[in-house]
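What follows is one structure encoded as C-alpha cells, with my remarks underneath.
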Protein chains: 2
Amino acid sequence: MRVNFSNEDFKVGLATSVVLYGFDGDDLKILIAEKVGEPYSGAKILPSTVVHIDEDPEDVAIELMRRITGSADWPIEILNAFAEVYRNPSGRVVNVAYYGTLQLNEALSEDLLRSEYKWVNVNDIPPLAFDHNKIVDYSRERLKRRVKRRPIGFSLLPKEFTMNQIQRLYECALGRDLDKRNFRRKLLKSELLLETDHFVRSSAKARRPSALYKFDEKKYRSLTLRGYDFVYQ
Amino acid sequence: MRVNFSNEDFKVGLATSVVLYGFDGDDLKILIAEKVGEPYSGAKILPSTVVHIDEDPEDVAIELMRRITGSADWPIEILNAFAEVYRNPSGRVVNVAYYGTLQLNEALSEDLLRSEYKWVNVNDIPPLAFDHNKIVDYSRERLKRRVKRRPIGFSLLPKEFTMNQIQRLYECALGRDLDKRNFRRKLLKSELLLETDHFVRSSAKARRPSALYKFDEKKYRSLTLRGYDFVYQ
DNA sequence: AATACTTAGTGTGAAATTAACACTAAGTTC
DNA sequence: GAACTTAGTGTTAATTTCACACTAAGTATT
C-alpha cells in the first residue's frame with residue numbers, strides 16, 4: 001500500500017477549540033468568546049486558536065485554557081477532529097477540539113467579567129461561527145456519557161459541596177430529574193464522598209443549613225483511572 | 001478573540017486510516033496492509049491514504065474501504081484525530097482515523113488473498129508503523145463500548161448466524177467469557193432476533209445442528225438510531 | 001438397531017439493583 | 001412559640017443479574 005503525499009497536500013491549517021464547562025450551583029455553562037478580525041468578525045465562537053506546524057494540539061489547547069482561566073490544571077480531553085471542508089477564506093482548516101471541566105469559583109468569574117469571554121447556559125447556546133455548535137453538541141453527548149460512567153462531575157464542583165449541588169449538576173448533565181433519596185443513597189454507597197463538619201445555607205430563605213461533602217481524592221483518582229461504572233444509566 | 005493564520009500555518013498534510021473489523025466465526029480480526037515506498041517501506045500499517053486539500057476525510061475513508069472490500073456500504077464511524085507531532089520526513093501529517101465493521105464472507109476473503117491486505121487476529125496485532133497501534137487500541141476500546149450499548153455487532157455477522165457465533169463475537173469484542181444461558185436469554189428478550197427455519201452443523205464433529213437466526217432490520221435500525229442500552233455492561 | 005459421541009439448547013433460585021413514593025427534622029425568622 | 005423553608009431519611013415491589021448442570025438432538029460407528 002502506497003501513501004504518497006505531494007507538496008500540494010501539505011496545505012491544511014490546524015486549529016483547536018475548547019469547550020470549557022463550569023457549574024455555578026444552578027446551571028451548567030460553557031465559555032463563549034467573541035471573534036475579532038475577519039472572517040466572522042463579531043460572531044460568537046468557542047475559545048479557539050491556531051495550532052502551529054510544530055505544535056501538539058493538546059498542548060495548545062491546555063495553554064489556551066491556561067490563558068483564559070489562569071490555570072492549566074483542569075482536566076481536558078480530546079473530542080474529535082472536525083474536518084469537513086468548509087470555507088475559511090484563508091485556507092482549509094481542520095479543528096481538533098477538546099473539552100474541559102473546571103470549578104467556576106468567584107475569582108474566576110470576576111476575572112472573566114472584564115474579558116471577552118462569557119459564561120453561557122448550556123441550554124441557551126447562541127448560534128456560533130464555523131461548525132462550533134456541532135462541537136458543543138458533541139461535547140455535551142460526551143459529558144453525558146462520562147458522567148454516567150465515571151465520577152467526572154467532581155471536577156466541576158467546588159472543594160466542598162452539598163448533596164443538592166451535586167444532584168443538580170447530574171441533572172443538568174443528564175438533562176433529566178433524579179430522585180433525591182435514590183441519588184443520595186447511590187452516591188454514598190460509592191464511598192467517594194467524605195462528610196465534612198461544615199454547613200451552608202443554600203439560600204437566604206432556607207432555614208436548615210445543608211451539610212458539605214468533599215470527595216475522597218485517592219479513591220476518586222483510582223476510580224477515574226480504571227473504567228468504573230459510577231452512577232446512573 | 002483573534003484567530004489568525006499565517007501562510008506558515010497552512011503546511012499540514014491530512015491522512016486517513018481505517019480499522020476494518022471482520023469476524024470469521026471464531027475470531028475478531030482487522031485488516032492490515034504492507035507499506036510500499038518510503039518512509040517505513042515494508043512496515044505493516046493500517047489501510048491508509050492521503051486526504052487531498054479539497055476532500056472530506058470521511059468520504060476518503062469510505063472510498064478507501066470500497067477500494068479494499070468492493071463495497072462502500074459497511075458502517076463506518078470516526079474515531080479521532082491523531083495529531084501528535086511525529087516525524088514524517090515529507091512534513092507534518094494529521095491522521096483522521098475511522099473504524100468500520102464488515103461481514104467477512106468467503107468471496108471477500110478470496111479477493112483479499114491475492115491482495116496486499118491480510119486479516120490479523122485482534123489479539124495478535126504486529127507492531128505497526130507511525131502511531132497505528134495506538135489507533136487500533138483506540139478502536140478496540142470504542143468497539144467494546146459500542147457493543148455494550150448498541151446492537152452494532154450484527155454488522156459483523158453473516159445474514160444468518162447461530163447463537164454461538166454471536167456469543168463468540170461478543171466474547172471477542174468484550175474480551176471475556178459469557179454465560180451461554182444468560183446470553184441467549186438476554187438476546188432473545190431484546191426481540192432483535194428472528195428465528196429462521198434453517199440449521200447448520202457447526203463443525204464436522206458436531207452432531208446436532210444449530211438453529212440460524214437473523215435480525216429484525218427494522219427494529220435494529222430504530223434501536224441503533226436512538227441511544228438504546230443493549231446487552232452487557 | 002443400539003451405542004457412543006459431540007454440540008445445542010434449556011430453567012431456577014438467590015442476590016443485587018433500580019424505581020417509586022411522602023413524611024419528619026432542623027434551624028431561622030417573625 | 002409558631003410559621004416557614006429546605007434538608008434529610010426508609011421501605012417495598014419490580015427488575016435485573018448472576019451462578020450453575022443437565023437433557024435433547026442428530027450423526028457416526030459398530
Side-chain angles (χ1 to χ4, degrees), chain A residues 25-26 147-151 157-158 160-171 174-214 223 227-233, chain B residues 25-26 147-151 157-158 160-171 174-214 223 227-233:
Chain A
D26 290 316
V147 138
K148 285 177 183 177
R149 313 291 286 190
R150 298 186 180 187
L157 290 165
E160 302 195 341
F161 48 86
T162 69
M163 274 290 186
N164 282 333
Q165 283 174 331
I166 188 169
Q167 180 177 346
R168 175 76 187 149
L169 169 59
Y170 270 83
E171 289 176 336
L174 294 173
R176 64 186 168 98
D177 288 346
L178 300 172
D179 180 90
K180 187 157 72 160
R181 282 165 291 189
N182 293 338
F183 183 82
R184 277 164 193 249
R185 192 179 9 251
K186 211 164 192 174
L187 214 54
L188 289 173
K189 213 184 66 177
S190 77
E191 294 190 304
L192 278 164
L193 295 193
L194 296 172
E195 236 176 308
T196 71
D197 51 2
H198 302 158
F199 293 84
V200 280
R201 296 267 294 286
S202 63
S203 76
K205 283 184 180 173
R207 304 298 174 225
R208 182 176 179 179
S210 33
L212 285 168
Y213 294 81
K214 57 185 179 181
L223 292 182
Y228 171 67
D229 282 348
F230 190 49
V231 273
Y232 288 100
Q233 290 307 312
Chain B
D26 289 316
V147 137
K148 285 176 184 178
R149 312 291 287 189
R150 296 186 182 187
L157 290 165
E160 303 194 339
F161 49 85
T162 68
M163 274 289 186
N164 283 332
Q165 284 174 331
I166 187 170
Q167 181 178 345
R168 175 76 188 148
L169 169 60
Y170 269 83
E171 289 176 336
L174 293 173
R176 63 183 168 100
D177 289 345
L178 300 172
D179 180 89
K180 188 158 73 160
R181 282 164 291 190
N182 293 338
F183 183 83
R184 277 165 194 249
R185 194 183 6 254
K186 210 163 192 176
L187 214 54
L188 289 173
K189 213 184 65 176
S190 79
E191 293 189 306
L192 278 165
L193 295 193
L194 296 172
E195 235 175 307
T196 71
D197 50 3
H198 302 158
F199 293 83
V200 282
R201 296 265 294 286
S202 63
S203 75
K205 284 184 180 173
R207 305 299 174 222
R208 181 175 180 178
S210 32
L212 286 168
Y213 295 81
K214 56 186 181 181
L223 291 182
Y228 170 67
D229 281 349
F230 189 49
V231 272
Y232 287 101
Q233 291 307 316

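First the proteins, then the strands, lettered A, B, ... as listed; each starts at 1. In what follows, every heavy atom counts, from backbone to side chain, and hydrogens, waters and symmetry copies are set aside.
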Quiz item: What string of B, S and - do you get for nucleotides 21-30 of chain C 5' to 3' if you count protein non-hydrogen atoms under 4.0 Å?
Solution: BB--BBBBS-
Write out a two-atom table: protein N or O, nucleotide N or O from nucleotides 1-3 of chain C, distance below 3.5 Å.
none

Quiz item: Taking atom NZ of B:Lys189 and atom CG of B:Leu192, what is their separation to the nearest 0.5 Å?
Solution: 12.5 Å
Quiz item: How long is the gap from CG on A:Leu174 to CG on A:Leu169, to the nearest 0.5 Å?
Solution: 9.0 Å
Self-check item: side chain to side chain contact (heavy atoms under 4.5 Å, CB included) partner of A:Arg184, chosen from A:Ile166, A:Asn164, A:Leu178
Solution: A:Asn164
Quiz item: Rounded to the nearest 0.5 Å, what separation is found between the CD atom of B:Gln167 and the CG atom of B:Leu187?
Solution: 9.5 Å
Quiz item: Taking atom C1' of C:dG9 as reference, at what distance in whole Å does atom CZ of B:Phe183 sit?
Solution: 14 Å
Exercise. To the nearest Å, give me how far apart CD1 (B:Ile166) and C1' (C:dA8) are.
Key: 16 Å
Quiz prompt | Gap between atoms CZ and C1', on B:Phe199 and C:dT7 respectively (whole Å) | solution = 14 Å
Quiz prompt | Spacing of B:Leu188 atom CG relative to C:dA8 atom C1', expressed in whole Å | solution = 14 Å
Self-check item: Heavy-atom pair of closest approach, residues B:Phe199 and B:Pro209
Solution: CB-CB, 3.9 Å
Exercise. For the helix from C:dA1-D:dT30 to C:dC30-D:dG1, measure the angle between the helix axis at one end and the axis at the other, each built from five pairs, rounding to 10°.
Key: 10°
Quiz item: Tell me: CD of B:Gln167 to C1' of C:dT10, nearest whole Å?
Solution: 14 Å
Quiz item: Just how far, in rounded Å, is P of D:dC20 from CG of B:Asp177?
Solution: 14 Å
Quiz prompt | Straight-line distance of B:Arg168 CZ to B:Thr162 OG1, nearest 0.5 Å | solution = 12.0 Å
Quiz item: Would one find a side-chain N or O of B:Lys186 under 4.0 angstrom from OP1 or OP2 of D:dT17?
Solution: yes
Quiz prompt | Side-chain N or O of B:Lys189 closer than 4.0 Å to phosphate OP1/OP2 of D:dT15 | solution = no
Practice problem: State the CG-OH distance between B:Leu157 and B:Tyr213, to the nearest 0.5 angstrom. | Solution: 13.5 Å
Self-check item: A:Asp177 and A:Phe183: CA distance, side-chain angles, deciding distance, side-chain contact (heavy atoms from CB on, under 4.5 Å) verdict
Solution: CA-CA 10 Å; A:Asp177 288 346; A:Phe183 183 82; over 6 Å; no
Quiz item: For the pair made of CZ in A:Arg184 and C1' in D:dG10, what is the distance, rounded to whole Å?
Solution: 14 Å
Exercise. Could you point out which residue of A:Lys214, A:Gln165, A:His198 forms a side chain to side chain donor-acceptor pair (under 3.5 Å) with A:Glu160?
Key: A:His198
Quiz item: Which value, rounded to the nearest 0.5 Å, describes the distance between A:Arg201 atom CZ and A:Arg208 atom CZ?
Solution: 13.5 Å
Practice problem: Find the distance B:Leu178:CG to C:dG9:P and express it as a whole number of Å. | Solution: 17 Å
